[in-house]
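Letters go in sequence order (proteins before strands), and every chain restarts at 1.
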Number of protein chains: 2
Amino acid sequence: MSHLINISEAASLALHGLAIVAQNSPNKVNVKYLAEKLDASEAHLAKIFQRLNKSGIIRSFRGPKGGFVLNKPAKEISFLDIYEIVESKIILNDCPLHKTGCPFENCIFGNALKNISKNLYESFKYIKLSNFNE
Amino acid sequence: MSHLINISEAASLALHGLAIVAQNSPNKVNVKYLAEKLDASEAHLAKIFQRLNKSGIIRSFRGPKGGFVLNKPAKEISFLDIYEIVESKIILNDCPLHKTGCPFENCIFGNALKNISKNLYESFKYIKLSNFNE
DNA sequence: CCTATTTCGGTATTTGAGCACCAGAATAAA
DNA sequence: TTTATTCTGGTGCTCAAATACCGAAATAGG
């Protein structure tokens, strides 16, 4: 039982959480609220938002009435940006045996995987936080 | 550090291993030979080929001069077939929060993920064992 | 038969991601 | 200045997937 595309729950929570932050702009949104809305663990969300904060995509405020706000317009934040922050670095797929040494001169994968994952990469660029309306 | 597309080393070894089997047809190919060619663990390859055998895609022969042969033409074996055997079942990606409950009526993902992974699925169908030439 | 070879299949181990916990630091409000 | 609230960041746990191990079963060849 496997998904074709690698999207961790963390990446998904980051995206949805940020969508909520965008929605509530310019008010701050705190982890507790996000956890309720997303039916997720506070601890886990807190960790994810720490990373997002460090990346500069959001700003954080401690203390009572604290929380998070976007640090740039929602139109300028893509799923690719978020994905890259949460999953550290994106690698376009190639023949998975290339490191250990694919035995074939003309690998059966050809450029198929590279092309496909390049498409995927471009698609992720087009999903923006501002796509969301409710 | 994350790959966009989920391809385990097992799936990759299965594909490359089968390509070697196809190449040597109609002779049998054993695990030891495959392990050398692919610079991989015998134990791991053995397990993978057990699964492939059970699925009917190959036939196995025990004992001296034993090994594996394809059980159908290379043209009729796609990467999708192999992937599904090794990874058990493919799930097309959708909003990863749909199970626990995406909070948005119009999910930010829309049908994007579903469409993208459907494309991926179709692409995997077109990579056949017979694509390989050397 | 007997032996060497090879797959079979159950089980054990490893590893890494996902997730949780908790004490500490910052800050708003009274 | 005190208290309650909220993020911070280090560490520790958990669990499933990936991988390894090993004795058993099959069989080809002599």
- prompt: Looking across every strand, which nucleic acid part, if any, lies under 4.0 Å from B/Phe68 by heavy atom: base, sugar-phosphate, or nothing?
  reply: sugar-phosphate
Phosphate OP1/OP2 of C/dT6 contacted by B/Ser60 side-chain N/O (<4.0 Å): no
query: How many Å lie between NZ on A/Lys32 and P on D/dA4, as a whole number?
result: 14 Å
- line: When every non-hydrogen atom of A/Pro26 is compared with those of A/Val69, the smallest separation belongs to O-CG1, 3.9 Å
Sequence neighbours excluded - salt bridge (Lys or Arg N to Asp or Glu O under 4.0 Å) pairs with any residue from residues 54-72 of chain A: none
- prompt: Could you state the CG-P distance from A/Leu45 to D/dT6, rounded to the nearest angstrom?
  reply: 15 Å
- line: So CZ of A/Phe68 and CG of A/Asn30: to nearest 0.5 Å the spacing works out to 8.5 Å
query: Quick one: do B/Glu36 and B/Lys32 make a salt bridge, cutoff under 4.0 Å?
result: no
- prompt: Counting only side-chain N and O atoms of B/Asn53, is one of them less than 4.0 Å from OP1 or OP2 of C/dC8?
  reply: yes
- prompt: Hey, mind stepping through B/Asn6 and A/Leu4 against side-chain contact (heavy atoms from CB on, under 4.5 Å) and telling me if it holds?
  reply: CA-CA 5 Å; B/Asn6 245 339; A/Leu4 283 170; 5.9 Å; no
- prompt: For the pair made of CD1 in A/Ile58 and P in D/dT6, what is the distance, rounded to whole Å?
  reply: 16 Å
statement: In whole angstroms, the gap separating C1' of C/dG18 from CG of A/Asn6 amounts to 14 Å
task: Report the distance from atom CZ of A/Phe49 to atom P of C/dA20, rounded to the nearest whole Å.
output: 16 Å
message: Using whole Å, what does the distance between atom C1' of nucleotide C/dA17 and atom CG of A/Leu13 come to?
response: 14 Å
message: Can you build the contact string for nucleotides 19-30 of chain D? Use B for base contact, S for sugar-phosphate-only contact, and - for no protein heavy atom under 4.0 Å.
response: SBB---BBBB--
B/Leu52 CG - C/dG9 P separation (whole Å): 14 Å
- request: Identify the heavy atoms of B/Asn53 and B/Ile58 that sit nearest to each other, and give their distance.
  value: OD1-O, 3.3 Å
- request: Mind calculating the distance between NE2 (A/His3) and P (D/dA16) to the nearest angstrom?
  value: 15 Å
- prompt: Is there a side-chain contact (heavy atoms from CB on, under 4.5 Å) between B/Leu15 and B/Tyr83 once you walk through the steps?
  reply: CA-CA 8 Å; B/Leu15 185 69; B/Tyr83 189 98; over 6 Å; no
